[in-house]
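Below is one structure, written out as structure tokens; the observations come after it.
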Amino acid sequence: MTRPGSEGAPLRVAIVGAGPTGYYAADHLFRQPGLVVEIDMYDRVPTPYGLVRAGVAPDHQKIKSVTASFDKVAANPGFRFYGCVELGRHISVDDLRAHYHMILYTTGAQTDRRMGIPGEDLKNSHPATEFVAWYNGHPAYRDVSFDLSHERAAIVGVGNVAVDVARILSRTPEELATTDIADYALEALRASRVREVYLLGRRGPAQAAFTNPEVKELGELADADVTAIPEEVELDDLSRAAMERAGDRATRKKVDLLQAFAQRPSTGKRRRLILRFLVSPVEILDDGHGAVGGMRLVRNKLYSTDTGTLQPKPTGEFEDLPVGLIFRSVGYRGVSLPGVPFNDQWGVILNEKGRVVDPARKQPVVGEYTAGWIKRGPTGVIGTNKPDAAETVACMMEDLAADRYLRPTEPAREAAERLIRQQQPQCFSYEDWLKLNEVEVRRGAETGRPRVKFTRIEDMLAALGRHSGSRPE
Ligand code: NAP
């Protein structure tokens with residue numbers, strides 16, 4: 001049997017997950033010298049781009065311009081997209097094994113980490129990931145509702161997602177109206193009564209996960225003052241010593257920015273954003289009706305672990321924060337895929353450099369690979385996934401050269417197309433997406449926005465002239 005990868009016998013690859021990592025991997029594959037490759041990319045939602053569409057904040061349009069390079073990849077004649085096709089529902093891993101030489105899972109991290117404290121599931125306590133998906137118009141979250149009638153909200157965690165949520169809660173309707181935030185979210189936020197937003201870091205300012213441009217932006221909001229508590233942004237001896245040892249200028253700048261926030265006088269803006277440090281939620285308090293009535297915090301001190309990292313230790317000193325709305329922004333978490341080995345503790349597919357590993361045999365699973373957040377966990381910015389995808393593609397190429405790949409019984413391109421059309425007649429192609437994109441951008445231009453997003457699958461079908469009469473199964 002001839003090794004796939006040539007004209008007439010292309011290497012057939014399925015990529016599951018149409019986020020940045022899927023595109024970066026496809027790009028690396030298309031660029032392999034002398035390799036003829038056909039790529040089918042699947043996603044459970046109808047539209048491509050993963051978190052670039054459903055995660056990146058609507059007021060960060062510049063970051064979204066990365067999609068132009070994804071469209072270039074998709075324009076390769078060897079590329080096809082199947083949106084609204086879910087692994088485990090419309091197709092199985094066995095289906096993919098029957099149609100492809102290699103399968104690459106790039107499904108990202110689709111849920112949130114838990115805090116593990118009492119009251120976490122009270123009404124009005126939400127994972128930040130849901131709020132993010134909601135304001136970005138993700139079809140699966142458009143009907144979630146958030147009670148924005150409370151004056152005080154807390155966001156647990158001080159990563160960039162927490163900062164995104166804080167900004168969206170604090171921006172004026174006028175600021176939001178120039179973005180591609182979902183229409184229903186714009187309306188809900190227009191009526192929001194939230195006046196005070198707390199961001200809660202369990203460690204000190206030097207350990208905050210957010211990055212400097214994001215913190216700086218918090219100080220530039222049109223109608224929200226930002227502040228911090230002077231004692232909480234003072235550096236403790238351990239943090240100062242660690243920063244000096246590392247000669248870490250970025251962290252120094254971050255601490256300077258936060259200390260400057262603590263000195264800022266209030267300018268009387270309508271909203272206030274309060275950055276807190278060295279506090280951990282220990283309980284979410286019930287208001288007596290099963291909803292959030294407040295949050296109990298414990299003050300922390302930092303200590304140095306055996307490995308030298310600085311971690312929080314509770315002091316036994318408590319404080320109750322009177323908030324009615326809580327967003328838990330303590331990190332995303334990967335979700336297992338049916339039939340794919342998973343490490344539940346870390347929330348990642350079991351793998352070695354991107355080769356999926358069978359836990360029983362402790363050997364790579366032939367023909368199966370992973371990249372991105374579902375490979376290494378939810379860290380890093382969009383671009384971090386480029387070298388990550390390259391590492392996985394290098395393994396794929398090494399395995400191809402060593403004849404380690406699947407022997408599909410149905411390798412023809414048309415066979416996969418037939419299967420998918422049969423399993424999910426309402427699937428969306430890239431051509432469909434390009435048409436939807438045109439409509440979204442046109443509707444946006446009419447109101448001075450980058451686009452007005454489709455957020456219902458039915459509306460997308462209707463815009464394509466494909467009235468299904470029922471929601472696609
Ligand atoms: P993250 O950067 O990992 O931040 C998670 C935050 O939650 C940290 O402050 C962490 O504190 C805190 N935390 C974790 N467990 C906690 C607990 N039990 N109680 C209290 N606090 C807890 O995650 P993320 O904000 O979800 O962001 C994910 C990735 O996407 C990051 O790499 C981020 O930079 C990236 N991203 C980038 C942008 C951008 O570039 N603008 C926007 C959004 C996201 P500890 O540090 O103490 O663990």
Side-chain angles (χ1 to χ4, degrees), residues 19-21 50-66 108-120 125-133 135-136 154-168 198-218 239 242 250-251 254 258 275-284 295-305 309-314 321 326-334 346-348 372-374 376-385 388:
T21 308
L51 279 186
V52 176
R53 181 174 168 96
V56 171
D59 58 342
H60 278 176
Q61 286 299 313
K62 239 184 168 160
I63 298 181
K64 293 186 191 240
S65 59
V66 67
Q110 298 167 37
T111 187
D112 61 298
R113 284 182 48 202
R114 305 274 302 165
M115 291 194 304
I117 59 168
E120 193 162 355
S125 159
H126 304 276
T129 53
E130 277 189 11
F131 188 60
V132 169
Y135 65 60
N136 274 317
I155 305 166
V156 185
V158 283
N160 281 330
V161 171
V163 174
D164 283 348
V165 169
R167 259 195 348 272
I168 297 302
Y198 292 86
L199 271 158
L200 307 175
R202 62 179 169 181
R203 297 191 284 165
Q207 292 81 34
F210 46 48
T211 38
N212 291 351
E214 278 66 28
V215 196
K216 199 161 162 276
E217 199 180 1
L218 288 181
S239 298
T251 305
K254 185 183 299 179
L258 295 169
L275 293 151
R276 297 285 313 264
F277 294 95
L278 292 162
V279 286
S280 281
V282 288
E283 183 180 356
I284 298 179
M295 183 185 258
R296 181 151 301 154
L297 304 174
V298 66
R299 288 204 56 75
N300 295 325
K301 263 180 88 101
L302 293 178
Y303 75 99
S304 181
T305 64
T309 61
L310 300 186
Q311 290 298 339
K313 188 157 67 180
L321 202 62
I326 290 170
F327 296 100
R328 310 182 310 261
S329 185
V330 297
Y332 282 81
R333 186 181 156 75
W346 299 345
V348 298
W373 277 7
I374 195 64
R376 67 169 198 279
T379 58
V381 292
I382 295 167
T384 316
N385 296 303
D388 184 308

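Fair warning: this is a prediction, and the values are worked out from it, not measured in the lab. As the structure lists them, so they are numbered: ligands from 1, and atoms in each ligand from 1.
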(request) Among all protein heavy atoms, pick out the one at the shortest distance from atom 36 (N) of ligand 1; state its residue, atom name and that distance to 0.1 Å. (result) Asn160 CB, 3.7 Å

(message) Could you identify the single nearest non-hydrogen protein atom to atom 32 (O) of ligand 1 and state the distance to 0.1 Å?
(response) Gly380 N, 2.8 Å

(message) Quick test: of every protein heavy atom, which one is nearest to atom 46 (O) of ligand 1, and how far off is it to 0.1 Å?
(response) Arg203 NH2, 2.8 Å

(request) Name the closest protein heavy atom to atom 18 (N) of ligand 1, giving the residue it belongs to and the distance to 0.1 Å. (result) Arg202 NH1, 3.6 Å

(message) Whether the His60 and Glu217 side chains hold a donor-acceptor pair (N or O, under 3.5 Å, no angle test) is what I'd like checked.
(response) yes

(message) Quick one, Gln110 and Ile374 - any side-chain contact, counting heavy atoms below 4.5 Å?
(response) no

(message) Heavy atoms only, cut-off 4.0 Å: how does Val156 contact ligand 1, side chain, backbone, both, or neither?
(response) side chain

(request) Please write down residue, atom name and distance for the protein heavy atom closest to atom 9 (O) of ligand 1. (result) Val158 N, 3.1 Å

(message) Could you check whether any side-chain N or O of Arg276 sits under 3.5 Å from a backbone N or O of Val279, counting only pairs where one atom can act as donor and the other as acceptor?
(response) no

(message) Can you classify the ring geometry of Phe131 versus Phe327 as parallel (below 30°), tilted (30 to 60°) or perpendicular (above 60°)?
(response) tilted

(message) Any side-chain to backbone donor/acceptor pair from Lys64 onto Val56? Under 3.5 Å, distance only.
(response) yes

(message) Checking a contact table here: which protein heavy atom is nearest atom 41 (N) of ligand 1, and how many Å away?
(response) Glu214 OE2, 2.9 Å

(message) Any heavy atom of Gly201 closer to ligand 1 than 4.0 angstrom?
(response) no

(request) Report the nearest protein non-hydrogen atom to atom 25 (O) of ligand 1: residue, atom name, distance rounded to 0.1 Å. (result) Val161 N, 3.1 Å

(request) For Pro118 and Val282, work out which heavy atoms get closest and say how close. (result) CD-O, 3.4 Å

(request) Would you please determine whether Ser280 falls within less than 4.0 Å of ligand 1 on a heavy-atom basis? (result) no

(message) Side chains of Ser125 and Glu120 only: does a donor on one sit below 3.5 Å from an acceptor on the other?
(response) no

(request) Name the closest protein heavy atom to atom 2 (O) of ligand 1, giving the residue it belongs to and the distance to 0.1 Å. (result) Ala209 CB, 3.6 Å

(message) Can you tell me if Gln311 contacts ligand 1 (heavy atom of the residue under 4.0 Å from the ligand)?
(response) no

(message) List ligand 1 atoms under 4.0 Å from Tyr332, heavy atoms only on the residue side.
(response) 26 (O)

(message) Hydrogens and angles aside, do Thr211 and Asn160 bring a side-chain donor and acceptor to less than 3.5 Å of each other?
(response) yes

(message) Heavy atoms only: which of Thr379, Asp164, Leu51, Val132 lies closest to atom 43 (C) of ligand 1?
(response) Asp164

(message) Restricting to non-hydrogen atoms, name the atom on Gly377 and the atom on Val348 that form the minimum distance, rounded to 0.1 Å.
(response) N-CG1, 3.5 Å

(message) Are the side chains of Pro281 and Arg296 in contact, using a 4.5 Å heavy-atom criterion?
(response) no

(request) Report the member of Ser329, Gly204, Gly157 with the shortest heavy-atom distance to atom 5 (C) of ligand 1. (result) Ser329

(message) I want to confirm something. Looking only at heavy atoms, which of Ala109, Gly383, Gly331 is nearest to atom 23 (O) of ligand 1?
(response) Gly331

(request) Kindly compute the distance separating CG (Asn385) from CH2 (Trp373), expressed to the nearest 0.5 Å. (result) 8.0 Å

(message) Under a 4.0 angstrom heavy-atom cut-off, which atoms of ligand 1 come close to Pro378?
(response) 28 (C), 29 (C)

